[in-house]
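One structure below.
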Number of protein chains: 2
Amino acid sequence: MTVESVPTAPRMKAADRRELILEAATAVFGAKTYVGTTTDEVARAAGVSQPYVVRLFGTKEKLFIEVIERTYDRMIGVFRAALPGTPEGRGDRMGTAYTELLVERGMLPVVANSTALGGEPQIGRVARAGFSRIWRFLREEAEFSPEQAREFIATGMLINTIVGLRLTGDYGDEVSATEVLDACFPDAVQQVRTLLPAADEPW
Amino acid sequence: MTVESVPTAPRMKAADRRELILEAATAVFGAKTYVGTTTDEVARAAGVSQPYVVRLFGTKEKLFIEVIERTYDRMIGVFRAALPGTPEGRGDRMGTAYTELLVERGMLPVVANSTALGGEPQIGRVARAGFSRIWRFLREEAEFSPEQAREFIATGMLINTIVGLRLTGDYGDEVSATEVLDACFPDAVQQVRTLLPAADEPW
DNA sequence: TTGACATGTTATCAGTCGATTACTACAGTT
DNA sequence: AACTGTAGTAATCGACTGATAACATGTCAA
């Protein structure tokens with residue numbers, strides 16, 4: 001019959017708590033879209049109370065904006081890390097780096113989701129800025145031609161589509177799913193499948 | 001001081017009204033995403049009352065599912081119409097056909113949006129089925145190789161991204177927007193720009 | 001130790017939304 | 001003209017959600 005057992009989240013510095021919430025929010029926003037996600041779901045996923053999430057980030061919209069910016073920061077980071085090496089292999093290394101972002105839950109879906117919200121004044125601005133950063137990185141740091149950059153991003157968007165549709169679950173059963181996955185990941189289909197949830201999994 | 005002037009929508013056969021609502025719903029869902037759209041907004045856009053939309057379609061989810069299926073029907077239709085002609089020009093004709101779908105409001109964004117909802121049991125099934133129909137059409141009727149089909153769909157998804165982000169508004173001002181639009185629509189940038197809303201337009 | 005700030009919660013509200021119910025009016029058939 | 005099914009609306013409700021207010025507890029410098 002102890003009396004304490006405060007159901008309060010263990011104390012943490014606000015900066016660390018913010019990062020923890022941002023990671024949880026990325027996963028939830030990625031799984032359920034921006035509008036479809038409640039601040040309460042984010043709070044539960046992060047192990048704190050719903051009002052605290054709102055207090056730390058101001059509004060749900062500001063939270064999502066930070067999630068988007070953090071995601072693009074991270075993406076540029078892994079791309080930059082894939083630059084060193086033979087110039088010919090650069091595209092492949094960066095493609096692999098993108099695919100490996102699948103392990104960071106919600107990151108790719110958040111990108112896809114943000115690109116659908118260009119009509120939202122605040123979110124749209126941030127989403128366009130993120131896209132612009134990626135494009136300029138490809139053109140300037142990675143030294144891609146416009147056509148190479150276009151092809152690279154187009155492939156990324158197709159991968160986002162595959163992820164969003166949960167197509168990996170149909171691999172082997174459905175001709176189209178099998179073929180498109182083989183075409184997108186000639187060497188890594190099995191690995192990708194293990195990283196992705198089935199259609200009915202919560203993720 | 002006339003007394004009549006019933007604010008009721010003019011009588012119409014239910015089948016016609018359904019089609020009218022589906023068209024309006026495509027525009028609204030496309031502009032504001034599935035979760036972000038209210039049945040009342042759809043009703044206003046179609047000029048009927050909100051309960052009537054619900055009664056005709058059962059639920060908002062069923063309405064959206066019909067919107068998705070109608071969109072894929074239409075897309076297959078314009079692709080099929082682009083088949084006849086020289087085999088070498090087939091890819092270009094179909095690409096043009098896809099771009100021309102921009103005039104049918106919300107259609108491309110609805111596709112993009114549906115691919116993000118693979119985790120929703122009902123919607124996910126329909127979205128995967130639509131993707132599968134497109135892929136099989138490309139492989140069988142259009143006789144694309146897997147690699148050609150992959151490239152075609154990837155480009156389509158990039159176009160959806162450009163549309164969703166409202167990137168056309170930055171053409172000429174922003175290097176990345178200018179370059180990616182030039183790369184995606186080498187011959188039709190101006191035409192595409194006239195078809196698309198600016199970032200702050202309601203569409 | 002104490003006080004002051006930082007970290008976190010519970011309680012609650014006001015607005016929104018999908019859906020249901022009950023009702024009205026038009027149109028075609030006999 | 002009366003009957004009947006179809007097309008449509010107004011009113012309303014319960015559930016949900018983002019945000020606010022008020023309060024509690026831990027931490028750390030002086």
Side-chain angles (χ1 to χ4, degrees), chain A residues 2-25 28-29 31-68 113 117 120-123, chain B residues 2-25 28-29 31-68 113 117 120-123:
Chain A
T2 53
V3 187
E4 32 34 270
S5 85
V6 190
T8 286
R11 280 248 165 172
M12 198 178 287
K13 290 213 280 186
D16 295 337
R17 185 69 78 186
R18 280 178 68 91
E19 176 57 27
L20 195 153
I21 293 176
L22 283 171
E23 185 181 335
V28 183
F29 280 131
K32 314 200 40 171
T33 81
Y34 168 59
V35 196
T37 295
T38 68
T39 54
D40 190 56
E41 290 171 313
V42 173
R44 288 173 195 274
V48 296
S49 66
Q50 178 264 339
Y52 195 46
V53 170
V54 174
R55 189 152 91 182
L56 278 185
F57 292 91
T59 66
K60 175 182 163 182
E61 186 180 43
K62 288 180 183 173
L63 167 62
F64 187 58
I65 284 176
E66 287 206 40
V67 165
I68 296 174
N113 193 207
L117 300 175
E120 300 290 314
Q122 309 297 329
I123 296 175
Chain B
T2 53
V3 187
E4 31 35 87
S5 85
V6 190
T8 286
R11 280 247 166 171
M12 197 178 289
K13 289 213 281 186
D16 296 336
R17 186 66 79 186
R18 280 179 67 91
E19 177 57 27
L20 196 153
I21 293 176
L22 283 172
E23 185 181 334
V28 183
F29 280 131
K32 314 199 40 171
T33 80
Y34 168 60
V35 197
T37 295
T38 69
T39 54
D40 190 58
E41 290 171 312
V42 172
R44 287 174 196 273
V48 295
S49 66
Q50 178 264 341
Y52 195 45
V53 170
V54 174
R55 188 149 94 182
L56 278 185
F57 293 91
T59 66
K60 175 182 164 182
E61 186 180 44
K62 288 180 183 173
L63 167 62
F64 187 59
I65 283 175
E66 287 206 40
V67 165
I68 296 174
N113 193 207
L117 300 175
E120 300 290 313
Q122 310 297 328
I123 297 175

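Chain A is the first sequence line, chain B the second, and so forth, proteins listed ahead of strands; every chain is numbered from 1. On a predicted model such as this, the values are computed, not experimentally measured, just so you know.
Take A/R11 and apply the side-chain hydrogen bond (donor to acceptor under 3.5 Å, both in side chains) test, not counting sequence neighbours, and it matches no residue. Residues meeting the side chain to side chain contact (heavy atoms under 4.5 Å, CB included) test with B/A24, sequence neighbours left out: B/A45, B/A46. In terms of the side chain to side chain contact (heavy atoms under 4.5 Å, CB included) criterion, residue partners of B/E66 (sequence neighbours excluded) are, by chain and number, B/R18, B/L22, B/F57.
C/dT16 atom C1' lies 12 Å from atom NZ of B/K32, rounded to whole Å. Regarding B/K62, its NZ atom lies at a distance of 16 Å from the P atom of C/dG18, rounded to whole Å.
Residue pairs meeting the side chain to side chain donor-acceptor pair (under 3.5 Å) criterion with at least one partner in residues 50-61 of chain B, sequence neighbours excluded, are B/T39-B/Q50. Here salt bridge (Lys or Arg N to Asp or Glu O under 4.0 Å) pairs that include residues 37-49 of chain A, with residues two or more places apart or in two chains, are A/K32-A/E41, A/D40-A/R44.
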Contact list (N/O, under 3.5 angstrom) for nucleotides 4-7 of chain D vs protein:
from, atom 1, to, atom 2, distance (Å)
D/dT6, O2, B/R11, NH1, 3.3
D/dT6, O2, B/R11, NH2, 3.2
D/dA7, OP1, B/A14, N, 2.9
D/dA7, O4', B/R11, NH1, 3.2
D/dA7, O3', B/M12, O, 3.3
D/dA7, N3, B/R11, NH2, 3.1

Please list each protein N or O that sits under 3.5 Å from an N or O in nucleotides 15-19 of chain D, with the distance.
from, atom 1, to, atom 2, distance (Å)
D/dG18, OP1, A/T37, O, 3.2
D/dG18, OP1, A/K60, NZ, 3.1
D/dG18, OP2, A/T39, N, 2.8
D/dG18, OP2, A/T39, OG1, 3.0
D/dA19, OP2, A/K60, N, 3.0
D/dA19, N7, A/Q50, NE2, 2.9
D/dA19, N6, A/Q50, OE1, 3.1

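Listed for the B/N113 side chain is no donor-acceptor partner under 3.5 Å among the backbone atoms of B/F29.
Considering only heavy atoms from C-beta on, A/F64 stays 4.5 Å or farther from A/T37 through its side chain.
The CD1 atom of B/I65 lies 7.5 Å from the OH atom of B/Y34; values are rounded to the nearest 0.5 Å.
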